[in-house]
Amino acid sequence: MEDNKSIVRRWEDMGMDVLVKILKDLNMVELASVSQVCRQWRLACSNPFLWRTLDLGLLRSNFIQTPDVPPYIYVDDRSDRRLTQILKVAMALSCGSVTCMIFHFNLYMKDEHLNYIAERSPHLKRLVMPGWNRITKNGMSRAIRRWEELESMTMPTIAHPPYIMDEISRSCKNFSQLKIMGTFDVNFASAIATSLPKLKVLSLRCSRITKEALLLLLNCMDNLEVLNISHCLLLESLPNPRLKKIIRELDRTILEKASRFREFFHCQRSSCVACQRMDADEGLMRWYRYEDWFWRQDEVSSLDLGDHGKLFDSDCEKLATQI
């Protein structure tokens with residue numbers, strides 16, 4: 001035993017690739033602590049492999065709706081401070097290597113948060129936006145101009161969509177995938193058809209859609225390859241503008257026009273849980289009522305968010321503010 005002395009290697013001598021593989025199982029707060037050990041570990045914690053996707057899908061805002069006062073939502077200061085601290089930790093460690101960023105649908109950030117992200121993630125290719133009642137037109141436009149490599153975005157319904165579609169058209173030459181969550185009308189469809197005629201993938205899953213908007217897409221979007229209208233509430237206008245007729249089954253005209261798509265997803269079954277929820281919510285899905293993973297799903301595989309990312313878990317929300 002005395003003649004066979006074991007060789008002990010120091011932690012700081014561990015190969016970088018091995019260290020990175022170990023660190024991939026840590027969350028963001030744990031990485032922040034580990035990065036303080038030594039210079040090599042700091043470099044390992046900033047490896048792009050760990051930061052391709054920043055998934056903050058568990059982080060929500062504490063808010064109340066204010067229907068009569070712009071921006072129609074009030075978020076308490078604690079939520080803003082928590083988001084600010086978490087973004088500082090993430091942006092410091094990622095060193096600009098984030099290419100996919102995911103936010104919870106019920107997170108409400110401000111212009112300051114969005115611009116902070118845009119300045120420090122110039123290579124973003126995919127963005128899953130939260131509700132943006134508090135984000136201004138100028139704030140969103142400035143951010144989009146920084147993301148020249150953006151290819152895919154998931155966004156809520158907004159009142160005036162042309163400006164954001166125009167900004168994407170001017171700044172993001174490789175943009176090809178879009179997901180809308182909310183209400184989709186002729187105004188929104190026209191903005192997409194005019195500004196993003198080369199769009200290849202569009203998902204309107206669990207949205208409130210007018211038949212006129214759907215027909216506009218089918219008639220004008222020649223380059224569209226994939227369309228998802230699963231679990232949507234499809235409405236048709238009646239002579240009385242205050243009334244809408246719910247379409248329970250797609251007619252032959254719509255099906256024929258959609259047959260040219262490589263993939264066309266639709267579901268209006270009474271036995272479908274998602275369709276039942278749309279009916280119960282009158283076409284405006286109240287995501288906070290349902291499972292955390294429900295809003296992340298999509299029949300289009302490239303837009304489905306899958307499981308929550310390991311860089312952020314339920315413990316991070318509390319611990320990040322202590323760093």
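The chain is numbered in sequence order, starting from 1. What's counted below: heavy atoms across the whole structure, side chains too, no hydrogens, waters or symmetry copies.
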Engineer: Return yes if some donor-acceptor pair links the side-chain N/O of S259 with the main-chain N/O of E256 below 3.5 Å, else return no.
Structural biologist: yes

Engineer: Looking at every non-hydrogen atom in both residues, tell me the closest pair between F312 and D55 and how far apart they are.
Structural biologist: CB-O, 3.2 Å

Engineer: Distance from L93 atom CG to M28 atom CE, nearest 0.5 Å?
Structural biologist: 8.5 Å

Engineer: Looking at CE of M278 and OG of S230, how far apart are the two atoms once the value is rounded to the nearest 0.5 Å?
Structural biologist: 11.5 Å

Engineer: Taking all atoms of both residues into account, what is the closest heavy-atom pair of A159 and P161, and its distance?
Structural biologist: O-CD, 3.5 Å

Engineer: A side-chain contact here means heavy atoms from C-beta on lying under 4.5 Å apart; do I158 and Y163 qualify?
Structural biologist: yes

Engineer: Can you tell if the side chain of V98 reaches within under 4.5 Å of the side chain of R120, non-hydrogen atoms only?
Structural biologist: no

Engineer: Between I135 and Y108, is any pair of side-chain heavy atoms under 4.5 Å apart?
Structural biologist: no

Engineer: Any heavy-atom pair between the side chains of F175 and L199 that's under 4.5 Å?
Structural biologist: yes

Engineer: Out of K137, R142, R145, which residue meets the salt bridge (charged side-chain N to carboxylate O under 4.0 Å, His left out) rule with E167?
Structural biologist: R145

Engineer: Please tell me whether L196 and I180 are part of a single hydrophobic cluster in this structure, the criterion being side-chain heavy atoms less than 4.5 Å apart.
Structural biologist: yes

Engineer: In sequence, state the C-alpha distance, the side-chain angles, and the governing distance for K21 and F49, and then conclude on side-chain contact (heavy atoms from CB on, under 4.5 Å).
Structural biologist: CA-CA 9 Å; K21 288 182 179 179; F49 175 76; 5.6 Å; no

Engineer: So, N106 side chain and R60 main chain: donor-acceptor pair closer than 3.5 Å or not?
Structural biologist: no

Engineer: Drop me the distance from I209's CD1 to E236's CD, to the nearest 0.5 angstrom.
Structural biologist: 14.0 Å

Engineer: Looking at CG of L250 and NZ of K257, how far apart are the two atoms once the value is rounded to the nearest 0.5 Å?
Structural biologist: 13.5 Å

Engineer: Under a 4.5 Å cut-off applied to non-hydrogen side-chain atoms, are K110 and V75 in contact?
Structural biologist: no

Engineer: Do side-chain atoms of S169 reach the backbone of S195 as a donor and acceptor pair under 3.5 angstrom?
Structural biologist: yes

Engineer: Counting only N and O atoms by type, is there a donor-acceptor contact under 3.5 Å from the side chain of N223 to the main-chain atoms of P197?
Structural biologist: yes

Engineer: Going by the rule side chain to side chain contact (heavy atoms under 4.5 Å, CB included), which residues pair with E212 if we only count those two or more places apart in sequence or in a different chain?
Structural biologist: V186, T210, S237

Engineer: Once you round to the nearest 0.5 Å, how far does CZ of F264 lie from CG of L218?
Structural biologist: 6.5 Å

Engineer: Please report the shortest heavy-atom distance between C206 and W287, naming the atom on each side.
Structural biologist: CB-CH2, 3.8 Å

Engineer: Give, for atom OG of S121 and atom CD of E149, the distance between the pair rounded to the nearest 0.5 Å.
Structural biologist: 10.5 Å

Engineer: So if you build clusters from Ile, Leu, Val, Met, Phe, Trp, Tyr with side-chain heavy-atom gaps below 4.5 Å, do I73 and M285 land together?
Structural biologist: no

Engineer: Indicate whether the side chain of D76 and that of S79 have a donor and an acceptor atom separated by less than 3.5 Å.
Structural biologist: yes

Engineer: Answer yes or no: are there more than 12 heavy-atom neighbours, outside R252 itself, under 6.0 Å from its atom CZ?
Structural biologist: no

Engineer: If Ile, Leu, Val, Met, Phe, Trp and Tyr residues are connected whenever their side-chain heavy atoms lie under 4.5 Å apart, and connections chain through other members, are I168 and V201 in the same group?
Structural biologist: no

Engineer: Should L31 and V18 be counted in the same cluster of Ile, Leu, Val, Met, Phe, Trp and Tyr side chains packed under 4.5 Å apart?
Structural biologist: yes

Engineer: Between D304 and R205, is there a salt bridge with N-O shorter than 4.0 Å?
Structural biologist: no

Engineer: Step through the shown structure and confirm whether more than 12 heavy atoms of other residues, nucleotides or ligands are within 6.0 Å of CD on E291.
Structural biologist: yes

Engineer: Might you confirm whether atom CZ of R39 has over 12 heavy atoms from other residues, nucleotides or ligands at distances under 6.0 Å?
Structural biologist: no

Engineer: Evaluate the side-chain proximity of S94 to L54: yes if any heavy-atom separation is below 4.5 Å, no if none is.
Structural biologist: no

Engineer: Can L178 and M165 be said to form a side-chain contact (heavy atoms from CB on, under 4.5 Å), step by step?
Structural biologist: CA-CA 10 Å; L178 179 64; M165 300 299 118; 4.2 Å; yes

Engineer: Is a side-chain N or O of R126 found less than 3.5 angstrom from the main chain of I102, in a donor-acceptor match?
Structural biologist: no

Engineer: Using the rule that Ile, Leu, Val, Met, Phe, Trp and Tyr join whenever any side-chain heavy atoms are under 4.5 Å apart, tell me whether V128 and L150 fall into a single cluster.
Structural biologist: no

Engineer: Sort out for me which residue in Q268, Q276, E299 forms a side-chain hydrogen bond (donor to acceptor under 3.5 Å, both in side chains) with H231.
Structural biologist: E299

Engineer: Below 4.5 Å, heavy atoms only, C-beta onward: do C275 and C267 meet side chain to side chain?
Structural biologist: yes

Engineer: Closest heavy-atom contact between G139 and N115?
Structural biologist: O-OD1, 3.7 Å

Engineer: Please tell me whether S97 and H123 have a donor and an acceptor in their side chains that are separated by less than 3.5 angstrom.
Structural biologist: no

Engineer: I would like to know whether E112 and D80 meet side-chain contact (heavy atoms from CB on, under 4.5 Å); could you show each step before the answer?
Structural biologist: CA-CA 10 Å; E112 296 94 307; D80 282 340; over 6 Å; no

Engineer: Distance under 6.0 Å and angle within 45° of the ring axis: does R277 meet both against F294?
Structural biologist: yes

Engineer: Kindly give the heavy-atom pair with the smallest separation between D222 and R260, and that separation in Å.
Structural biologist: O-NH1, 3.7 Å

Engineer: Might you work through the side-chain contact (heavy atoms from CB on, under 4.5 Å) test for R146 and L124, ending with a clear yes or no?
Structural biologist: CA-CA 9 Å; R146 291 181 179 273; L124 200 67; over 6 Å; no

Engineer: May I ask you to decide if S33's main-chain N or O and Q36's side chain share a donor-acceptor pair within less than 3.5 Å?
Structural biologist: no

Engineer: Measure across M140 and L114 and return the closest heavy-atom pair with its distance rounded to 0.1 Å.
Structural biologist: SD-CD2, 3.6 Å

Engineer: Taking C-beta and beyond as the side chain, do D251 and K211 meet within less than 4.5 Å on heavy atoms?
Structural biologist: yes

Engineer: Checking R296 side chain against G306 main chain: does a donor-acceptor pair fall under 3.5 Å?
Structural biologist: yes

Engineer: Please determine whether the number of non-hydrogen atoms from other residues, nucleotides or ligands lying under 6.0 Å from atom CZ of R78 exceeds 12.
Structural biologist: no

Engineer: What is the ring orientation for W295 with F105, classed by angle as parallel under 30°, tilted 30 to 60°, or perpendicular over 60°?
Structural biologist: tilted

